[in-house]
Enquirer: 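Below you will find the structure I want to go over with you.
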Amino acid sequence: MTISYQILLIAPFVIIGALIGFRRGWREEAITTVGLLLALVFFGSVDRTSLLGELINRIVLAFASFFSTLLGTDLQATPLIAEENPTTFQLIGFILVVLLAYLVGGALGERRNMTTLGRVMGAILGGINVILVGSQLFSLINQCNPE
């Protein structure tokens, strides 16, 4: 049986994530898990990410058209997301949504009145969260640098 280098690299971070999850509790980690799953849905593949980038560009163009009509001028909007390199948008978007998921989880979760079972569930969810983030980062690295 061989163990891949990716598992060896992510194992210490899973332990650290479990310890942090034990401290944060199950509520914060559950909210963070939902945010991380949304990050995987939106930024999990290049196809979905390029569709999201196209949607953002259309929204920018719609706002430019609205303000152009409102102000009576001719505003020219350039696309916000470059269509030539969707992997850059995928990486940046994924990192931003992960950070937002952890911030929202910390803001909405409560650390008061936690039981030992709540802390253990937080540790399990914390480890799962690290696995979710780590596996997607390895996927993005492999996508950018195929062997």
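On a predicted model such as this, the values are computed, not experimentally measured, just so you know. All heavy atoms count here, side chains included; hydrogens, waters and symmetry mates do not.
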Enquirer: Provide the closest heavy-atom pair for Met114 versus Arg23 in the form atom of the first, atom of the second, distance.
Expert: CE-O, 3.7 Å
Enquirer: Could you see if Leu51 belongs to whatever hydrophobic cluster contains Val60? Use Ile, Leu, Val, Met, Phe, Trp, Tyr and a side-chain cutoff under 4.5 Å.
Expert: no
Enquirer: Applying side-chain contact (heavy atoms from CB on, under 4.5 Å), can you list everything that pairs with Leu61, at least two apart in sequence or on another chain?
Expert: Ala77
Enquirer: Is it the case that Thr33 and Asn129 place a side-chain donor and acceptor less than 3.5 Å from each other?
Expert: yes
Enquirer: Below 4.5 Å, heavy atoms only, C-beta onward: do Phe13 and Val133 meet side chain to side chain?
Expert: no
Enquirer: Can you check whether Asp74 reaches Gln76 side chain to side chain, under 4.5 Å on heavy atoms?
Expert: yes
Enquirer: Is there a path of hydrophobic side-chain contacts, each under 4.5 Å between heavy atoms of I/L/V/M/F/W/Y residues, joining Phe42 to Val104?
Expert: no
Enquirer: Please answer: with hydrophobic residues joined when any side-chain heavy atoms are less than 4.5 Å apart, are Val97 and Ile81 in the same cluster?
Expert: yes
Enquirer: Apply the test side-chain contact (heavy atoms from CB on, under 4.5 Å) to residues Ile16 and Val130: give CA-CA distance (whole Å), side-chain angles for both, the deciding distance (0.1 Å), then the verdict.
Expert: CA-CA 9 Å; Ile16 292 169; Val130 169; over 6 Å; no
Enquirer: Do Thr87 and Leu140 come close enough that some side-chain heavy atom pair is under 4.5 Å?
Expert: no
Enquirer: Specify the closest pair of heavy atoms between Leu40 and Arg48, including all atoms of both residues, with the distance to one decimal.
Expert: O-NH2, 3.7 Å
Enquirer: So Phe138 and Leu9, do their side chains get closer than 4.5 Å, heavy atoms only?
Expert: yes
Enquirer: Can you give me the closest heavy-atom contact between Leu8 and Pro12, atom names plus distance?
Expert: O-CD, 3.4 Å
Enquirer: Atom CZ of Phe94 and atom CG of Leu99: how far apart are they, to the nearest 0.5 Å?
Expert: 10.0 Å
Enquirer: List for me each residue that meets side chain to side chain donor-acceptor pair (under 3.5 Å) alongside Ser45, sequence neighbours excluded, and say none if there are none.
Expert: none
Enquirer: When rounded to the nearest 0.5 angstrom, what is the spacing between CG in Leu125 and OG1 in Thr32?
Expert: 9.0 Å
Enquirer: What distance separates Ile7 CD1 from Ile10 CD1, expressed to the nearest 0.5 Å?
Expert: 9.0 Å
Enquirer: Let me know which of Asn57, Leu55, Ile56 forms a side chain to side chain contact (heavy atoms under 4.5 Å, CB included) with Ile59.
Expert: Leu55
Enquirer: Enter the distance from Leu108:CG to Ile31:CD1 here, rounded to the nearest 0.5 Å.
Expert: 5.0 Å
Enquirer: Output all residues satisfying side chain to side chain donor-acceptor pair (under 3.5 Å) with Glu84, sequence neighbours left out; order by chain, then residue number.
Expert: none
Enquirer: Are Phe22 and Ile124 co-members of a hydrophobic cluster defined by side-chain heavy atoms under 4.5 Å apart?
Expert: yes
Enquirer: Are side-chain heavy atoms of Leu36 and Val98 found at a separation under 4.5 Å?
Expert: yes
Enquirer: Taking side chain to side chain donor-acceptor pair (under 3.5 Å) as the definition, give me every residue that meets it alongside Ser68, ordered by chain and number, with sequence neighbours left out.
Expert: none
Enquirer: How many angstroms lie between CZ in Phe63 and CG in Leu70, if you round to the nearest 0.5 Å?
Expert: 12.0 Å
Enquirer: Of all residues at least two apart in sequence or in a different chain, which pass the side chain to side chain donor-acceptor pair (under 3.5 Å) check with Glu28?
Expert: Arg24, Arg111
Enquirer: Quick one: are Thr49 and Glu54 in side-chain contact, heavy atoms under 4.5 Å?
Expert: no
Enquirer: What distance do Arg58 atom CZ and Leu80 atom CG have between them, rounded to the nearest 0.5 Å?
Expert: 15.0 Å
Enquirer: Is Ser139 reaching over with its side chain to a backbone N or O of Ser135, donor-acceptor style, under 3.5 angstrom?
Expert: no
Enquirer: Once ring-ring contact (aromatic ring centres under 6.0 Å, His included) is applied, do any residues pair with Phe89, and if so which ones, sequence neighbours excluded?
Expert: Phe43
Enquirer: I'd like to know if Ile128 and Val41 are part of one continuous hydrophobic network [Ile/Leu/Val/Met/Phe/Trp/Tyr, side-chain heavy atoms within less than 4.5 Å].
Expert: no
